[in-house]
Amino acid sequence: DGHASFQTLIMTIKQKAYIGLVATSILWGTSWVASKIAVQQGVPGLEVAAIRQFLGGSLFVAFFLIKGEKLPTLKQLLWLTGMGMLLFVIANGFATVALLYIPSGLAALIAALYPLSVVVIEKLFFKNTKITAITFIGMLLGITGIGFVFYDNAFHNYTEGYIWGLILSVIAMLSWSVGTIIIARNKVKMNAYNATGWQMLMGSFVLMIMTLVSGKSIPLTSVPANTWLAITYLVLASSIVAFVAFIYTMKHLEPAIASLYAYMNPLVAILLGTMITNEKLTINILIGSLITLIGVFLVNRSLKKQREQALADVDAM
């Protein structure tokens, strides 16, 4: 009976983890569309990002302070501010601004390319990543797929500032890549989720300053109800529920399965953008998206094999 109960417990945990995976994929996919709705109401993208990160960061920080976590030291705070600049000011802030000019599906797809830029950055600056045949094919497919989507969007969804939106999205993706590389190499000695909250909070202050300096900020009392609803959804669903679901998924599923959310997010954003914000969906966009995601998958698989080989070599020494 004890063995049967244990098996039942394992099955229950697995089922919850798969539910968490689906929730993460859907909620993070919908966050692109929610962000687009927020900026379409006349509220500057930087201000939307500032409000979102301030509320999300405050909730995280308050939670860990109540749990008894210590305040970060000055050295840690400087580090957290730097990471907040890369991950939440440039990556999230610029990506939010870009949504005013480009479809949410395309923005999500560009963001999904970050493993490709990680390979290039690691190769150029750290010389510790091999560009294998699979890596090269993956990178080629990723770029080709984006080319398909870009070409089709240029004719069906072209708006003033389209190129500007693409540039901001690429900068955001590169900033996220640099941030993840730095964090992987120089972990701060504090709870990782608490650190994320502080990064969001410090990033929100920088975003607020940038918004005020730009001269495009609007009073909070003038922010439309639809934008507040979108921001509330982003904070609760994307920053908290999806984040908790993601952590649970990573703990209880194999990494290869848990990481599937990264390939599902853009597809959710593309399909939902078509239904809610009337973004055009053509066969070329769909084919290009699938080609891109296959490319990203191959690059991730190549990196995983290289890491496993490096660990095996260390164990053999």
Q: For the OH atom of Tyr263 and the OG atom of Ser25, what is their distance to the nearest 0.5 Å?
A: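 Here the interatomic distance stands at 11.5 Å.
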
Q: With rounding to the nearest 0.5 Å, note down the distance linking CG in Leu286 to CD1 in Ile291.
A: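 The distance works out to 10.5 Å.
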
Q: Just verifying a value: how many Å separate Ile37 CD1 and Tyr233 OH, rounded to the nearest 0.5 Å?
A: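 It is 9.5 Å, given to the nearest 0.5 Å.
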
Q: Within the structure provided, determine whether Phe88 and Thr196 are in side-chain contact (heavy-atom separation under 4.5 Å).
A: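 They are in contact (side-chain heavy atoms under 4.5 Å apart), so the answer is yes.
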
Q: Looking at Leu46 and Val97, what are the two nearest heavy atoms and their distance?
A: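 Closest heavy-atom pair between Leu46 and Val97: N-CG2, 3.7 Å.
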
Q: For residues Ser289 and Leu109, report the shortest heavy-atom separation together with the two atoms involved.
A: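 Reported closest heavy-atom pair: OG-CD2, 3.6 Å.
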
Q: Would you say Ser302 and Thr135 are linked by a side-chain donor-acceptor pair, where the criterion is simply a distance under 3.5 Å?
A: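 Looking only at side-chain atoms, Ser302 and Thr135 do form a donor-acceptor pair, the distance falling under 3.5 Å.
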
Q: Is there a donor-acceptor pair under 3.5 Å between the side chain of Thr180 and the backbone N or O of Ser177?
A: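 Pair found, side chain donor or acceptor close to backbone of Ser177.
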
Q: Could you tell me whether the side chains of Thr96 and Arg52 share a donor-acceptor contact shorter than 3.5 Å?
A: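 On atom types as modelled, these side chains do not qualify, holding no pair under 3.5 Å.
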
Q: Do other residues, nucleotides or ligands put more than 12 heavy atoms under 6.0 Å from Phe64 CZ?
A: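 Atom CZ in Phe64 is packed in, count exceeds 12.
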
Q: Return the minimal non-hydrogen interatomic distance between Lys36 and Ser104, and the atom names on each side.
A: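 Scanning both residues completely, I find the closest heavy atoms to be CD-N, 4.0 Å.
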
Q: Can you hop from Leu174 to Ile143 via hydrophobic side chains spaced under 4.5 Å?
A: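 Result: no, two separate clusters.
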
Q: According to a hydrophobic-cluster definition based on side-chain heavy atoms being under 4.5 Å apart (Ile, Leu, Val, Met, Phe, Trp, Tyr only), do Tyr248 and Leu27 belong together?
A: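 No; Leu27 is not reachable from Tyr248 via cluster members.
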
Q: Would you say Leu71 and Trp198 make side-chain contact, with heavy atoms under 4.5 Å?
A: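 Result yes, sub-4.5 Å side-chain heavy-atom pair found.
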
Q: Do Glu47 and Ile51 have side chains that get closer than 4.5 Å, going by heavy atoms?
A: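 Yes, at least one pair of side-chain atoms sits under 4.5 Å.
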
Q: Kindly check if the number of other-residue, nucleotide or ligand heavy atoms within 6.0 Å of CZ (Phe297) is above 12?
A: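 Atom CZ in Phe297 is not crowded, with 12 or fewer foreign heavy atoms closer than 6.0 Å.
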
Q: So do Ile110 and Val149 actually touch side chain to side chain, heavy atoms under 4.5 Å?
A: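 Side-chain contact under 4.5 Å: no.
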
Q: Distance from Thr292 atom OG1 to Phe148 atom CZ, nearest 0.5 Å?
A: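 One gets 9.5 Å once the value is rounded to the nearest 0.5 Å.
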
Q: On a heavy-atom basis, which atom in Ser169 and which in Ile102 lie closest, and how many Å separate them?
A: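 Minimum heavy-atom separation between Ser169 and Ile102: OG-CD1, 3.2 Å.
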
Q: Is there a side-chain contact between Met139 and Val120 (heavy atoms, below 4.5 Å)?
A: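 Of all side-chain heavy-atom pairs linking Val120 with Met139, at least one is under 4.5 Å.
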
Q: Begin from the C-alpha positions of Arg301 and Ile134 and carry the test side-chain contact (heavy atoms from CB on, under 4.5 Å) through to its verdict.
A: CA-CA 8 Å; Arg301 187 178 177 185; Ile134 291 178; 5.5 Å; no

Q: Check the hydrophobic clustering (I, L, V, M, F, W, Y; side-chain heavy atoms under 4.5 Å; chains of links allowed) and say if Ile163 and Val39 are grouped together.
A: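 Yes; tracing contacts between hydrophobic side chains, which count when under 4.5 Å, links both residues.
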
Q: Just wondering, do Leu87 and Asn92 contact through their side chains at under 4.5 Å, heavy atoms?
A: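 No, their side chains stay 4.5 Å or more apart.
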
Q: Please determine whether residues Val170 and Leu100 belong to a single hydrophobic cluster, defined as Ile, Leu, Val, Met, Phe, Trp and Tyr linked transitively by side-chain heavy-atom distances below 4.5 Å.
A: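 Same cluster.
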
Q: Got a second to check how far Glu122's CD is from Ile181's CD1, nearest 0.5 Å?
A: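 It is 4.5 Å, given to the nearest 0.5 Å.
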
Q: Can Gln40 and Thr277 be said to form a side-chain contact (heavy atoms from CB on, under 4.5 Å), step by step?
A: CA-CA 10 Å; Gln40 281 181 328; Thr277 55; 4.2 Å; yes

Q: What do you reckon, are the aromatic ring centroids of Phe60 and Phe243 less than 6.0 Å apart?
A: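 For Phe60 and Phe243, the ring centres are under 6.0 Å apart.
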
Q: Backbone N or O of Ala172 within a donor-acceptor pair of the Ser175 side chain at under 3.5 Å?
A: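 It does not hold such a pair.
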
Q: Can you give me the closest heavy-atom contact between Pro72 and Leu80, atom names plus distance?
A: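 Of all heavy-atom pairs spanning Pro72 and Leu80, the closest is CB-CD1, 4.0 Å.
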
Q: Is there a side-chain contact between Val48 and Ser35 in this structure, where contact means two heavy atoms from C-beta onward sitting under 4.5 Å apart?
A: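 Contact flag for Val48/Ser35 side chains = no.
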
Q: Testing the basics here: between Ile26 and Val268, what is the closest heavy-atom pair and its distance to 0.1 Å?
A: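 For Ile26 and Val268, the tightest heavy-atom pair comes out as O-CG1, 3.8 Å.
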
Q: Are Trp228 and Leu220 close enough that some pair of their side-chain heavy atoms sits under 4.5 Å apart?
A: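 Of all side-chain heavy-atom pairs linking Leu220 with Trp228, at least one is under 4.5 Å.
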
Q: Once the angle between the rings of Phe246 and Trp28 is folded into 0 to 90°, is it parallel (under 30°), tilted (30 to 60°) or perpendicular (over 60°)?
A: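 Rings of Phe246 and Trp28: tilted, 30 to 60°.
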
Q: Would Ser58 and Leu201 count as a side-chain contact (heavy atoms from CB on, under 4.5 Å) here? Give the steps.
A: CA-CA 6 Å; Ser58 296; Leu201 193 58; 3.5 Å; yes

Q: Please answer: with hydrophobic residues joined when any side-chain heavy atoms are less than 4.5 Å apart, are Leu65 and Met200 in the same cluster?
A: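 Linked, Leu65 and Met200 end up in one cluster.
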
Q: Does the Gln41 side chain pair with the main chain of Val223, one donor and one acceptor, at a distance under 3.5 Å?
A: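 It does not hold such a pair.
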
Q: Can you tell me how far CD1 of Ile276 sits from CG of Leu271, rounded to the nearest 0.5 angstrom?
A: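 Answer for the CG-CD1 pair, Leu271 versus Ile276, is 11.0 Å.
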
Q: Please determine whether side-chain contact (heavy atoms from CB on, under 4.5 Å) holds for the pair Leu106 and Tyr162, giving the CA-CA distance in whole Å, both sets of side-chain angles, and the decisive distance to 0.1 Å.
A: CA-CA 11 Å; Leu106 177 57; Tyr162 183 78; 3.5 Å; yes

